[in-house]
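Each remark here refers to the structure printed beneath this line.
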Amino acid sequence: MASLAARTSSKALKNVSRTVGRSTVSPLAASRSYSLLARSTVAAKPKTTFENVRGVKTLDFAGSKEVVYERADWPLPKLHEYFKNDTLALIGYGSQGHGQGLNARDNGLNVIVGVRKDGASWKEALEDGWVPGKTLFPIEEAIDRGTIIMNLLSDAAQSSTWPQLAPLITKGKTLYFSHGFSVVYKEDTHVVPPTDVDVILVAPKGSGRTVRTLFKEGRGINSSIAVFQDVTGKAKEKAIALGIAVGSGYLYETTFEKEVYSDLYGERGVLMGGIQGMFLAQYKVLRANGHSPSEAFNETVEEATQSLFPLIGQHGMDYMYAACSTTARRGALDWAPIFEAANRPVFEKLYESVKNGTETRKSLEFNGRSTYREDLARELKEIDEQEIWRAGKTVRSLRPDYKQ
Ligand SMILES: NC(=O)C1=CN([C@@H]2O[C@H](COP(=O)(O)OP(=O)(O)OC[C@H]3O[C@@H](n4cnc5c(N)ncnc54)[C@H](OP(=O)(O)O)[C@@H]3O)[C@@H](O)[C@H]2O)C=CC1
Ligand SMILES: CC[C@](O)(C(C)=O)C(=O)O
Ligand SMILES: [Mg+2]
Ligand SMILES: [Mg+2]
């Protein structure tokens with residue numbers, strides 16, 4: 001199991017830390033420092049401070065000190081030793097089950113998958129090389145065999161299956177989530193963990209698909225970690241070790257409540273709902289003013305995703321501004337506060353809707369239906385058929401590396 005992929009990631013792990021001056025920093029942090037030096041058009045930035053080495057760092061985030069854990073402190077031999085008596089039972093095999101399960105398996109850990117027999121996930125797990133009776137089991141059997149129960153069912157399914165699954169989570173096991181949803185909104189989900197098990201969270205801040213691709217690239221996704229219940233006194237350490245085991249590069253401490261509030265808010269906001277709404281509004285106004293679909297798409301989506309947003313990701317907003325014309329900079333500086341003012345009340349309403357549980361109840365009701373897959377697919381098809389995204393397909397088809 002530890003074979004080629006594990007050796008490859010072991011090599012990647014060796015490369016993960018480099019010495020810059022007297023501090024050990026990761027390649028990403030190093031490239032960030034490099035990018036700060038490389039900037040010519042922007043003012044000097046506050047320096048990132050590295051107060052600790054060995055993978056645990058206290059960093060200054062814009063004036064707030066926070067601890068970040070990273071992979072450097074958990075080389076593969078240490079992970080193997082730590083989990084030598086454990087079986088990680090991944091329950092559910094959606095986007096996160098796939099990414100976290102394959103990463104932990106490639107890291108050489110003892111991982112099994114538990115899903116509904118002959119459901120869509122069972123088939124996907126088979127395709128990914130999980131073997132029925134050895135590493136692939138019906139849900140109850142996987143929980144029985146596991147010591148660390150990683151509940152990666154859909155949030156709605158975590159709630160609906162809880163009455164059957166809860167009695168199987170016996171003393172000595174660890175209960176793991178990738179979202180604070182089930183335990184924080186217990187009035188609605190009715191998920192109340194047994195009092196004699198550690199309950200922890202590792203929530204990758206990105207799609208399970210990216211959890212996998214970043215791991216394969218020898219990098220690692222940012223994840224949040226939290227402890228809901230610490231029975232053994234080791235819950236936090238276990239969360240950190242599991243975070244690294246499933247392919248995270250950097251782990252940020254939070255609470256279950258903060259994780260679920262920020263996550264539900266972010267995905268409904270800028271990450272998914274907000275961006276689709278903003279793209280569509282801009283596109284529609286361009287079309288109403290006589291611009292062609294290709295021009296409206298290129299000026300709204302293609303330039304954003306292919307040119308400007310990656311610059312924000314690599315170097316920050318000011319860098320992206322500085323990389324655009326002085327004409328663009330002047331206009332964007334003037335209009336940014338207008339957009340902020342227009343959007344702020346929407347974000348306030350959204351945060352309240354998350355905090356008071358409205359979003360949770362809607363999600364439980366919708367995703368708890370037996371037809372949830374078809375119902376979601378129907379609405380996604382409606383997006384796919386919007387003119388903006390149809391135009392986008394033609395624009396993308398011109399790329400040399402185009403894949404449908
Ligand atoms: N998607 C992501 O990238 C992220 C997800 N998370 C969190 O990770 C967890 C898992 O999410 P994700 O990977 O997206 O999975 P999904 O939400 O897509 O759920 C998929 C899994 O749930 C199973 N499932 C659904 N309904 C039932 C049911 N009634 N009984 C048994 N199994 C059922 C499916 O099995 P079947 O095929 O048999 O229907 C499938 O294995 C959630 O807590 C989510 O919030 C956190 C960060 C990012
Ligand atoms: C942004 C959506 C997400 O929160 C994620 C990929 O992080 C999710 O729930 O899938
Ligand atoms: Mg989410
Ligand atoms: Mg998220």
Side-chain angles (χ1 to χ4, degrees), residues 89-103 113-128 130 136-143 149-165 175-185 189 191 199-215 221-226 228 242-243 246-248 252 254 256 258-276 350 354 359-360 363-364 366-377 380:
L90 260 137
I91 309 306
Y93 202 70
S95 178
Q96 285 299 326
H98 163 92
Q100 297 187 30
L102 293 181
N103 291 353
V113 170
V115 284
R116 289 195 277 209
K117 188 119 195 292
D118 298 326
S121 297
W122 182 275
K123 290 190 196 103
E124 202 186 327
L126 283 177
E127 280 163 22
D128 285 347
W130 303 96
L136 177 60
F137 300 93
I139 293 175
E140 285 81 354
E141 191 175 347
I143 297 180
I149 312 306
M150 302 168 69
N151 197 333
L152 297 178
L153 295 172
S154 73
D155 294 304
Q158 289 178 23
S159 168
S160 64
T161 59
W162 186 246
Q164 289 79 52
L165 304 191
L175 181 57
Y176 166 112
F177 294 96
S178 283
H179 204 7
F181 192 99
S182 289
V183 296
V184 170
Y185 295 105
T189 64
V191 173
V199 182
I200 58 178
L201 168 146
V202 175
K205 294 291 117 182
S207 162
R209 304 289 153 189
T210 324
V211 170
R212 182 65 179 152
T213 50
L214 286 179
F215 175 80
I221 200 149
N222 285 353
S223 296
S224 297
I225 52 162
F228 179 76
L242 281 165
V246 301
S248 314
Y252 293 75
T254 186
F256 272 60
K258 287 264 172 10
E259 190 284 332
V260 71
Y261 287 0
S262 58
D263 191 85
L264 293 176
Y265 174 75
E267 66 200 14
R268 281 155 180 72
V270 159
L271 299 178
M272 294 172 70
I275 200 70
Q276 158 72 356
L350 168 57
V354 166
E359 298 304 312
T360 294
S363 172
L364 285 172
F366 186 94
N367 293 316
R369 295 180 197 164
S370 59
T371 55
Y372 82 96
R373 277 183 194 271
E374 299 80 15
D375 295 346
L376 283 171
L380 293 191

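These numbers come from the heavy atoms of this one structure, side chains and all, not from hydrogens, waters or symmetry mates. A quick note: this is a predicted structure, and the numbers were derived from the prediction, not measured. Atoms within each ligand, like the ligands themselves, are counted from 1 in listed order.
Distance check, rounded to the nearest 0.5 Å: CE of Met150 to CG of Leu175 gives 11.0 Å. The distance from the CG atom of Leu350 to the OH atom of Tyr265 is 6.0 Å, given to the nearest 0.5 Å. Between atom OH of residue Tyr372 and atom OG of residue Ser363 there is a gap of 11.0 Å, rounded to the nearest 0.5 Å.
A tilted orientation is assigned to the rings of Tyr185 and Tyr261, their planes being inclined by 30° to 60°.
Among Arg369, Arg373, Gln96, the residue whose heavy atom lies nearest to atom 48 (C) of ligand 1 is Gln96. Compare Glu267, Gln96, Met272 by their heavy atoms: the one nearest to atom 3 (C) of ligand 2 is in Glu267.
Residue-to-ligand polar distances keep Asn151 apart from ligand 1: every N/O pair is separated by 3.5 Å or more. Considering backbone and side-chain N/O of Val115, none are found under 3.5 Å from N/O of ligand 1. Backbone and side-chain nitrogen or oxygen atoms of Ser95 are examined, and one is located within less than 3.5 angstrom of a nitrogen or oxygen of ligand 1. Looking at ligand 2, you'll find an N or O of Asp263 within less than 3.5 Å of one of its N or O atoms.
Closest N/O/S atom of Glu267 to the Mg ion (ligand 3): OE1. Its N, O or S atom nearest to the Mg ion (ligand 3) is what matters here, and for Asp263 that atom is OD2.
Only the side chain of Tyr372 comes within 4.0 Å of ligand 1, counting heavy atoms alone; its backbone N, CA, C and O stay farther away.
Here Lys205 pairs with Glu259 in a salt bridge; the nearest charged N to carboxylate O distance falls below 4.0 Å.
Using a non-hydrogen distance threshold of 4.0 Å, Phe181 does not register as a contact of ligand 1. Residue-ligand proximity: Gly368 is placed with every non-hydrogen atom at 4.0 Å or more from ligand 1. Taking 4.0 Å as the cut-off, Ser207 counts as a neighbour of ligand 1 on heavy-atom distance. The shortest heavy-atom distance from Gln158 to ligand 1 is under 4.0 Å.
Between the Gln100 side chain and the Val246 main chain, no donor and acceptor come within less than 3.5 Å of each other. Although no hydrogens or angles enter the test, the distance criterion places a donor-acceptor pair under 3.5 Å between the side chain of Ser178 and the main chain of Val202. Between the Asn103 side chain and the Gly99 main chain, a donor and an acceptor come within less than 3.5 Å of each other. Counting only distance, with no hydrogens or angles, the side chain of Gln158 and the backbone of Asn151 share a donor-acceptor pair below 3.5 Å. Ser154 places a side-chain N or O within 3.5 Å of a backbone atom of Ala157 that can act as its donor or acceptor partner.
When hydrogens are left out, the protein atom nearest atom 43 (O) of ligand 1 is Asp155 OD1, 2.6 Å; that is the closest non-hydrogen contact. Among protein heavy atoms, atom 26 (N) of ligand 1 sits closest to Ala157 CB, 3.4 Å. Considering only non-hydrogen protein atoms, atom 21 (C) of ligand 1 sits nearest to Ser154 N, 3.8 Å. With hydrogens left out, the protein atom closest to atom 7 (C) of ligand 1 is Ser178 O, 3.9 Å, a heavy atom. Closest protein heavy atom to atom 29 (N) of ligand 1: Arg116 NH1, 3.4 Å. Closest protein heavy atom to atom 32 (N) of ligand 1: Leu153 CD2, 3.5 Å. Taking atom 10 (C) of ligand 1 as the reference point, the nearest protein heavy-atom neighbour is Leu152 O, 3.3 Å. The single protein non-hydrogen atom nearest to atom 40 (C) of ligand 1 is Ser121 OG, 3.1 Å, given as residue, atom name and distance.
Protein non-hydrogen atoms do not reach within 4.0 Å of atom 10 (O) of ligand 2.
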